[in-house]
Number of protein chains: 2
Amino acid sequence: MNASRTARERVRVELTREITEIARRQLATEGAAGLSLRAVAREMGMVSSAIYRYFPSRDDLLTALIVDGYNAIGEAVERADAACARDDHNGRWLAVCRAVRGWALAHPHEYALLYGSPVPGYQAPQDTVGPAIRDTVVYGKIISDARDAGVLNPPDICPPPPPSFTADADRLRAVMMPEVSDDVVSRAIIAWTGVFGIVNFELFGQFNNVVENRADLFDHNVTVLGRLIGLPG
Amino acid sequence: MNASRTARERVRVELTREITEIARRQLATEGAAGLSLRAVAREMGMVSSAIYRYFPSRDDLLTALIVDGYNAIGEAVERADAACARDDHNGRWLAVCRAVRGWALAHPHEYALLYGSPVPGYQAPQDTVGPAIRDTVVYGKIISDARDAGVLNPPDICPPPPPSFTADADRLRAVMMPEVSDDVVSRAIIAWTGVFGIVNFELFGQFNNVVENRADLFDHNVTVLGRLIGLPG
DNA sequence: AACGAACGAGAGCACTGCTCTTGACACGGT
DNA sequence: ACCGTGTCAAGAGCAGTGCTCTCGTTCGTT
């Protein structure tokens with residue numbers, strides 16, 4: 001009963017996996033807008049309507065790809081972080097940033113799906129928030145580790161964040177970087193959004209004809225952002 | 001002869017303008033993917049094929065919208081900058097950043113078209129580079145003005161950029177911020193990409209359920225980035 | 001063995017961008 | 001004043017899309 005039921009289920013999960021796999025390959029080559037249910041079905045030797053047995057709509061297939069993407073970049077970031085000595089906070093920061101950029105360059109269309117313009121008419125369901133913050137959690141851990149080790153030394157170059165920020169900072173402290181001051185949380189946001197800002201500019205074409213030596217500049221800029229948070233050199 | 005020819009021409013430019021106008025409105029409500037030539041034609045009481053007399057393809061219409069968008073945000077930035085006292089470099093910086101964010105929030109789909117994921121299969125023609133850097137030119141002027149006034153004082157918190165950056169810095173110096181050091185150019189890139197990184201996170205949903213007090217935090221973060229460049233407080 | 005749920009195939013709807021042909025109109029030179 | 005020429009909108013049509021519905025079949029449970 002369970003065995004047979006699993007047999008049926010097994011075919012189902014296998015086909016579901018194959019659909020997402022083909023879809024991901026299409027996504028990688030054609031981009032999100034070029035993702036076609038019919039093309040996926042064609043490649044599977046199925047008829048288009050059969051896909052709807054597995055994904056009720058194109059958006060649901062997209063959601064699956066998005067979740068996969070978040071997990072993929074999250075895993076890449078986790079691996080990069082894990083390869084560093086725990087107390088080498090600066091090295092971990094650089095490794096994590098490089099992992100983000102590296103994954104983005106290797107999977108530009110998937111990255112665009114995650115961090116680019118939202119697909120019109122598509123609303124990310126709640127299931128995506130978990131995988132969506134895997135990378136950010138790693139990032140927060142580096143900062144709170146540095147703080148715990150007493151090596152976090154943010155340079156005194158700017159006023160403190162506004163009091164209204166405390167509520168937001170509380171939320172972030174609860175999830176990923178406990179005991180860190182409002183000031184450092186705000187710097188962390190600047191640095192993290194800054195990293196993605198650079199990657200976006202590079203990937204979405206704003207650096208074209210402007211910045212060519214991108215890897216070197218990325219490393220340097222990310223180092224500066226690390227210093228801004230207070231990571232030791 | 002000229003008058004009549006101009007009459008013809010006048011109808012043509014008028015219709016072209018009307019097409020882009022309707023298209024922009026559709027873009028604003030539906031997003032780039034929802035922009036449909038047929039829908040535009042329908043709204044104009046024309047048949048779809050007639051549109052092709054004015055725009056040879058959907059991509060060309062998109063290009064027109066992109067150029068318009070770059071000009072719009074560029075103009076918004078220019079106006080914000082012009083409203084400040086010339087020697088209030090910090091105020092100009094804040095005003096320019098707010099203008100970017102304000103325009104992005106007011107025209108999310110157009111902003112996504114400019115700074116979000118590139119439209120698949122669409123390659124920006126060379127005509128777009130001029131309008132594309134209007135905002136950045138203003139931004140560079142603020143920094144070089146501050147430098148000329150001798151008030152630029154970047155905090156010494158990080159190593160200098162790598163020597164390989166000089167070639168890229170030369171390019172930027174030539175276009176928008178002459179006589180500025182490699183170090184400051186690199187900081188300028190960090191700040192400028194950082195601003196768009198924050199706006200992207202806010203607009204593309206990464207701040208959802210995380211950061212709520214966005215205007216305040218934006219002002220503060222942008223101020224910090226200004227300090228990083230060396231703008232006086 | 002029998003019933004019901006799950007499934008693939010196929011036709012069909014409304015839509016898209018785009019092409020091609022056709023007929024109407026206005027313009028400019030004779 | 002007329003007639004070629006170029007411009008234009010209209011319409012049909014092609015290939016493709018997401019999605020729905022129906023129809024047999026097949027599989028799993030009772």
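Every chain is numbered from 1 and lettered A, B, ... according to where its sequence line falls, protein lines coming before strand lines. What's counted below: heavy atoms across the whole structure, side chains too, no hydrogens, waters or symmetry copies.
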If I take atom [atom1] in residue [X] and atom [atom2] in nucleotide [N], what distance separates them, rounded to the nearest angstrom?
| X | N | atom1 | atom2 | result |
| --- | --- | --- | --- | --- |
| A:R10 | C:dC7 | CZ | C1' | 18 Å |
| B:F55 | D:dC8 | CZ | C1' | 16 Å |
| A:L61 | D:dG18 | CG | P | 10 Å |
| A:I51 | D:dT17 | CD1 | C1' | 14 Å |
| B:D59 | C:dC18 | CG | C1' | 12 Å |
| A:I19 | D:dG18 | CD1 | P | 13 Å |
| B:R12 | C:dA26 | CZ | C1' | 15 Å |

Is there side-chain contact between A:S117 and B:Y111, with heavy atoms separated by less than 4.5 Å?
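Heavy-atom side-chain distance check fails, nothing below 4.5 Å.
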Would you please indicate yes or no on a ring centroid separation below 6.0 angstrom for B:F204 and A:Y115?
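No: the rings miss the under 6.0 Å criterion.
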Strictly under 6.0 Å, is that where the ring centroids of B:W192 and A:F201 end up?
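No, they do not, as the ring centres are separated by 6.0 Å or more.
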Using a 4.0 Å cut-off on protein heavy atoms (strictly under), produce a 5'-to-3' string for nucleotides 9-16 of chain C with B for base contact, S for backbone-only sugar-phosphate contact, and - for none.
BB-B---B
Do the side-chain N or O atoms of A:Y54 get closer than 4.0 angstrom to the phosphate oxygens (OP1, OP2) of C:dA6?
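False: A:Y54 side-chain N/O out of range (4.0 Å or more) of C:dA6 OP1/OP2.
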Determine, step by step, whether B:R134 and B:E75 satisfy the side-chain contact (heavy atoms from CB on, under 4.5 Å) criterion, reporting the C-alpha distance in whole Å, the side-chain angles of both residues, the deciding distance to 0.1 Å, and the verdict.
CA-CA 8 Å; B:R134 272 181 74 170; B:E75 202 180 305; 3.8 Å; yes
Mind checking what makes salt bridge (charged side-chain N to carboxylate O under 4.0 Å, His left out) contact with A:R42, not counting sequence neighbours?
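Expected list: none.
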Sugar-phosphate, base or nothing in reach of B:L15, heavy atoms under 4.0 Å:
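Sugar-phosphate, backbone atoms only, no base.
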Short side-chain to backbone donor-acceptor contact, A:H107 and A:W103, under 3.5 Å
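It does hold such a pair.
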